[in-house]
Amino acid sequence: MIRTTCSTKEDFAVQVTPPISKTITCHKMKRFDSILEDVDLIHHQLDPTRCRSLNAVATGTKAAAEKQTDTSISISMPPTPSAKGVGFNDIFSQTSTPRGTTTLNKRIWSYSQTSMPRVSVFPESPKLPSTQLRNPRNNTNKLKDTRFDSFKTWSGRLERQLSVLRGKEQEPISPPSPSIETIPVNRYFDALEGPELDSLKASEEIILPEDRKWPFLLRFPISSFGICLGVSSQAIMWKKLATSASTKFLHISLKANLGLWCISAALMVIISFIYALKIIFYFEAVRREYYHPVRVNFFFAPWISLLFLALGVPTSIAQNLHTSLWYILMTPIFCLEVKLYGQWMSGGQRRLSKVANPSNHLSIVGNFVGALLGASMGLTEGPIFFFAVGLAHYIVMFVTLYQRLPTNDTLPKELHPVFFLFVAAPSVASIAWATIQGSFDQGSRIAYFIALFLYFSLAVRINFFRGFKFSLAWWAYTFPMTGAAIATIRYSLVVTNLVTKCLAIILCGLSTLTVTTLLVTTIIHAFFLGDLFPNDISIAINKRPKITQKWYLGNSDSKNIDQYLKYVDSFQAKDTESSLTYQNSSS
Amino acid sequence: MSMTPNTEFENQNTILDIDIMIDDSPPSSSEKREDVHSLLALIGLRFMVSSMLTRIHAGYFRISLSLCWETLLWKTLLDPTNSETKFLHRIPQMVYRPVLIFLWSFALFILVLLSLLYLLRCIFRFNLVKGEFLHHVGVNYLFAPWISWLILLESFPFIAPKHIGYKALWWVFALPVVILDIKIYGQWFTKGKRFLTAVANPTSHLSVIGNLVGARAAAKMGWQEVSVCLFSLGMVHYLVLFVTLYQRLSGSDRLPAMLRPVFFLFSAAPSMASLAWASITGSFDTASKMLFFLSLFLFTSLICRPTLFKKSMRKFNVAWWAYSYPVTLLALASTRYAKEVKGEVPHTIMLTLSSLSVLVIIALLLFTALYSKILLRDDDPCLKLPKHSRLCIQNFK
C-alpha cells in the first residue's frame with residue numbers, strides 16, 4: 001500500500017524536500033554530513049560509514065516502520081497542533097493533489113502523529129526550510145534503520161539496550177511494536193518460486209528495500225552451513241582413501257585429511273559465530289528462515305557438519321572419541337526431528353504432501369549419520385534407534401517425492417543440483433547399516449545399489465543442470481557425491497576387484513572435481529563479482545499478497561479506507577476464503 | 001406413549017418396539033396396580049435397552065481393548081520367569097495370582113457385556129450396524145471385539161497356548177478378522193468411492209493390529225506358517241497406510257476433533273508389530289528393536305504436541321479410552337525389550353511406561369464412573385453418518 005502511493009507522494013515531496021533524501025545511502029551520508037555540519041543535530045555521534053551503527057538510534061515501531069518510510073519524506077512536522085502543522089497541510093493542499101490523496105495524506109499524517117512521539121528533538125519554532133533540511137537527514141536515518149527494525153531481535157530494543165550499555169545517547173523509546181505473527185506456509189509458496197524457493201514471483205513484493213544492500217547479517221542465510229557439510233565430508237573421504245586397504249595402492253597421505261579437517265573446523269567456527277550473531281541481533285529473520293519450507297531443513301546442517309567432523313577426525317588429533325559427545329550432538333537433531341516429523345504427521349498447513357521437497361533429505365540424513373557415528377563409537381541401541389526412525393521417515397518421503405504430487409508446489413520442474421540430495425540418504429544408510437551389523441551384508445548392499453542407481457540416473461542428465469543461479473546452498477549438494485564415493489570405497493573393501501576399485505577412484509575424482517569447481521566459483525563470486533551474499537529475498541516476503549493493495553488503490557475514499565482496514569483485519573484472521581468473498585461482495 | 005427419537009432410523013424402530021398389551025379381562029384393583037407397575041417397568045426397561053442399543057457402537061470396545069491389554073501387561077510383569085521385574089516378586093504368590101484372576105474376570109465381564117449388547121444391536125438395529133460398516137472410522141472398530149477376545153484368550157491365567165481349547169478358540173476369533181481383511185483391504189485398491197486416500201485415518205491402524213495380534217497368537221501356538229502369513233498381510237498394509245497417513249493428502253479434516261485421541265494408534269501398530277515379530281523369530285532381534293524404537297519415537301512426538309488434543313479434552317467421551325491401550329501396548333513391548341537388552345535405560349523405560357499405563361487406565365475408569373450418564377449420548381461423532389453413507393443406506397433400504 002505504502003509503496004504504490006509513494007510515487008504520488010514523492011511528486012509533491014520533491015517540491016517540499018530535496019530529492020537526495022530518497023536515495024540516500026550509507027556512503028552518501030558523509031557528503032550529507034559535510035553539507036549540514038553546521039546544523040545543530042543530535043545525531044552527530046553517528047558514524048556514517050557503518051550502516052549498523054545507525055541501528056543504535058532506531059526508534060521506529062514495526063507498524064509505523066512501513067508507513068514511516070515514505071511518510072517521513074514529506075511529513076516531518078511535530079504533531080503539535082500549531083501553525084506549522086496547518087501550514088504544512090496548506091503546502092500539501094497547494095501542491096495540486098487530487099482530493100482523494102489529500103484525505104489519504106491526512107489519514108497517514110494522523111498515523112504518523114500517533115506513532116512519532118519524538119517531537120522534542122526539534123526546537124519549538126524552526127524555520128521551515130531548515131526543518132526540512134534537517135528532517136530529511138533524520139528521516140533518512142530512520143529510512144535506513146527502521147526498515148530493518150522489524151527483523152531485529154525484539155524490534156530493535158536489544159540494540160537500544162546494547163547502545164545504552166555502550167554509553168551512547170539514548171533516543172526516546174517509541175511505543176512497543178505489535179507482536180510478530182507467524183507467516184503461514186502457503187504465503188511462502190504463493191510469493192516465492194524456484195527449486196530452493198528463493199526467487200520472488202513477479203506479482204509479489206517484499207517489505208525490505210530491494211535496491212540497496214541489506215545489512216550483512218540479514219544476507220547471511222542458514223544454507224551457508226552447506227560449506228561445512230561439503231568440506232567436512234571431503235575430509236572423511238580423504239581419510240578413507242588413505243586408510244582403506246583397497247585404495248592403499250594410491251599412496252595417499254593422511255596430511256590431506258588433516259588439512260581438510262582443520263579447514264572445515266575453522267569454517268565451522270567462523271560460520272557458527274556469524275550465525276550466532278544473527279540469532280542475537282536479527283532473531284526475527286531467523287524465525288522467518290525457520291518457517292521457510294526449504295530453509296528449515298538446513299537447520300539440521302550445523303549438527304550434521306559436527307557429526308562429520310567427529311567422523312573425519314584425524315588419528316593424529318584423537319583416536320577414540322568419548323560416547324557422551326554422541327549424546328550431545330544427537331540431542332538437537334532429536335528435538336528438531338520430533339518437531340518437524342510431528343508437523344508432517346498431524347496434518348495442518350505443514351503436512352508432507354504440501355511441503356515435501358528434496359531438501360527434506362537433509363532432515364533424514366542426520367539420522368543415518370548419527371547412527372554411523374554411534375556405531376563406530378561402539379554404541380548399539382542408540383544407533384539402531386536413529387536408524388529405525390530415519391528409515392521409516394525416509395520411506396515416506398521417498399515415496400512422496402517420487403510421486404511428484406500435483407498438490408506439491410516445491411518440486412522444481414527442471415533438474416537442479418538439489419536433486420543430488422536423493423543420493424545422500426541411501427549411501428549413508430548403507431555405511432551405517434554395515435557399521436551396525438559389523439559387515440557389509442545384504443541390507444547394506446541393497447541400500448548401496450539404490451544410491452548408485454540414483455547417482456547414475458542424475459549424472460547422465462548432467463546437461464539439464466544448466467542455467468541456474470549459483471547459491472551457497474550448492475555446497476550442501478556436494479556431500480551426497482562424497483557420500484556415494486565413501487560407500488563405494490567401503491564396498492570395494494568387501495568385493496575387491498578391478499571394477500569396484502575403478503568405480504571408487506572415479507567417484508572420488510568426480511567429487512573432488514565438483515568441490516574444486518565449486519570452490520573456484522565461490523571465490524569468483526566472493527571477490528570479483530561481489531554477490532556471494534545477495535539480498536535474502538525469501539525471508540522478506542510480505543504477509544499480505546499484493547492484490548489487496550491494488551484493490552485499495554481503486555477506491556481512495558476515507559470510508560473505503562475503513563473498509564480496507566477491516567478487510568485487512570479479517571484477512572489477517574487467516575480466513576482467506578471468507579475475505580475473498582468479502583472482497584467480491586464489497587467491490 | 002411418545003418417544004423423542006434422534007435419527008430417522010431410531011424413530012422407525014422405536015415404533016416397532018413399543019407393543020402395548022391391552023388386556024381385556026377385568027382384573028382386581030391390586031392386581032391391576034401390580035400389572036400397571038410391571039408394565040411400566042417393562043416399558044422403561046425396553047426403552048432403556050433400546051436407547052442403549054441405538055447409542056452403543058463398536059467404538060465402545062475401546063474399553064474392553066484397554067482392559068484386556070492391561071491384564072496382559074500385568075500377566076507379563078508378574079510372570080515369575082521375568083527377571084526384569086524381580087522387585088514385583090517380593091509380593092508373595094498368594095496375593096498376585098488372585099489379583100490377576102480378578103483383573104481377568106473384570107475384563108471378561110466387561111467384554112461379555114459389550115459383546116452381548118453389540119449382538120443385540122446386530123439383531124435389532126442391523127441397519128445401524130450397516131451404517132457403521134460404511135463409515136470410514138466405524139468400520140475399523142469392527143476389528144476391536146475380535147482383538148479383545150484374542151488378547152483375553154492369551155491372558156487367560158489357566159490355559160496354555162498349546163491347549164486344544166486355545167487353538168479352537170483362536171479359529172473362532174481369527175476367522176472374522178481375515179474375512180474383514182479381505183473385505184476392507186480389497187476395497188482399498190479396487191473400489192471406486194472408498195479408496196485408501198479418501199478413507200485413510202489413524203483408526204485404520206486397528207485392522208493392521210488385528211492381523212498382528214492374530215499372527216502373535218498363532219506363533220505362540222506353534223503355527224509358524226499361519227503366523228507369518230498374517231504378519232506379512234498386516235505389515236504390507238501397514239506400509240501403505242503409514243505412507244498415506246504421513247502424506248495427509250486431504251489434510252486432517254477427515255477426522256473430527258473429538259476423535260483426536262486415536263492419533264496414539266500411530267505408535268500402537270509398530271509396537272504390536274515388534275511383539276509379533278519377536279514371537280515369530282523367538283527373540284527380540286534387530287527388526288523388532290527397530291519397530292519398537294519407531295513406536296517410541298512416534299509416542300514421544302505425540303506427547304510433545306499437547307495442543308493437538310486440546311479440543312477433544314473439553315468433554316468426556318468414549319474416545320478418551322483410545323489414550324489407554326497404545327500406552328499399554330508400548331509398555332508391553334518395552335517389557336519384552338528390557339528382557340532382551342539388560343541395562344538401566346531399558347529398565348527405566350519399562351517402569352515409566354508401565355506406571356503411565358496404570359495411571360491412565362485408573363484415571364479413565366474414574367472418569368467413566370463419574371460421567372457414565374453422558375457416556376451414551378446422542379452427538380457421538382461415530383454415530384454421525386456422513387452424507388455418502390446415508391445415501392448408501394437409503395439405497396440399501
Side-chain angles (χ1 to χ4, degrees), chain A residues 185-186 327 333-356 360 364 367 371 375 379-408 429 432-433 436-438 441 443, chain B residues 197 200-202 238-255 257 260 263-267 269-270 273-274 284-310 337-338 340-346 349:
Chain A
V185 79
N186 52 317
Y327 288 104
I333 293 184
F334 180 72
C335 297
L336 271 170
E337 331 192 283
V338 165
K339 180 94 179 100
L340 197 64
Y341 299 161
Q343 272 175 349
W344 293 358
M345 180 165 60
S346 62
Q349 52 165 325
R350 278 175 206 274
R351 57 186 185 271
L352 190 58
S353 55
K354 232 177 134 35
V355 304
N360 283 127
I364 307 234
N367 291 305
L379 298 163
T380 46
E381 301 305 309
I384 297 180
F385 177 86
F386 282 101
F387 192 88
V389 173
L391 185 64
H393 293 91
Y394 176 64
I395 291 173
V396 176
M397 218 207 45
F398 189 70
V399 171
T400 311
L401 287 174
Y402 244 95
Q403 280 177 331
R404 295 190 77 121
L405 291 165
T407 52
N408 195 334
W433 189 247
I436 290 173
Q437 293 292 94
D441 64 349
Chain B
T197 45
N201 63 80
Y238 178 58
L239 185 68
V240 174
L241 188 67
F242 189 69
V243 173
T244 312
L245 282 176
Y246 247 98
Q247 282 181 336
R248 294 306 210 136
L249 284 167
S250 50
S252 52
D253 50 343
R254 294 299 300 168
L255 208 66
R260 290 268 171 87
F263 267 88
F264 277 94
L265 279 172
F266 265 104
S267 93
S274 87
F284 206 81
D285 65 348
T286 314
S288 301
K289 279 190 205 173
M290 283 171 54
L291 285 163
F292 169 63
F293 288 139
L294 176 66
S295 159
L296 201 60
F297 178 80
L298 291 168
F299 183 74
T300 319
S301 149
L302 279 168
I303 286 189
C304 294
R305 307 188 79 84
T307 48
L308 194 62
F309 304 104
K310 231 183 1 185
Y337 173 67
E340 181 84 18
V341 177
K342 314 209 192 290
E344 279 295 317
V345 176
I349 297 175

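Below, chain A is the first sequence line, B the second, and so on; all start at residue 1.
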Give the member of L294(B), L296(B), V345(B), L302(B) that has the highest number of heavy-atom pairs under 4.5 Å with chain A. L294(B)

Taking every non-hydrogen atom, the tightest pair across Y246(B) and Y341(A): CE2-O, 3.7 Å

Which heavy atom in I395(A) sits nearest to a heavy atom in V243(B), and how many Å separate them? CG2-CG2, 4.3 Å

Nearest heavy-atom contact between A388(A) and F293(B) is CB-CB, 4.4 Å

Step by step, would you call I384(A) with M290(B) a side chain to side chain contact (heavy atoms under 4.5 Å, CB included)? CA-CA 6 Å; I384(A) 297 180; M290(B) 283 171 54; 3.5 Å; yes

At a heavy-atom distance under 4.5 Å, which candidate from K339(A), E337(A), H393(A), Q437(A) has the highest pair count against chain B? H393(A)

If you count heavy-atom pairs within less than 4.5 Å of chain B, which of V396(A), V399(A), T380(A) leads? V396(A)

Of the listed residues (T300(B), L308(B), L298(B), T286(B)), which shares the most heavy-atom pairs with chain A below a 4.5 Å separation? T286(B)

Per-residue contact mode, F266(B) against chain A (heavy atom under 4.5 angstrom): side chain

Heavy-atom closest pair, residues G342(A) and S301(B): CA-OG, 3.8 Å

List the atom of V338(A), the atom of R305(B), and the distance in Å for their closest heavy-atom pair. O-NH1, 4.3 Å

Contact origin within L391(A) toward chain B - heavy atom pairs under 4.5 Å: side chain

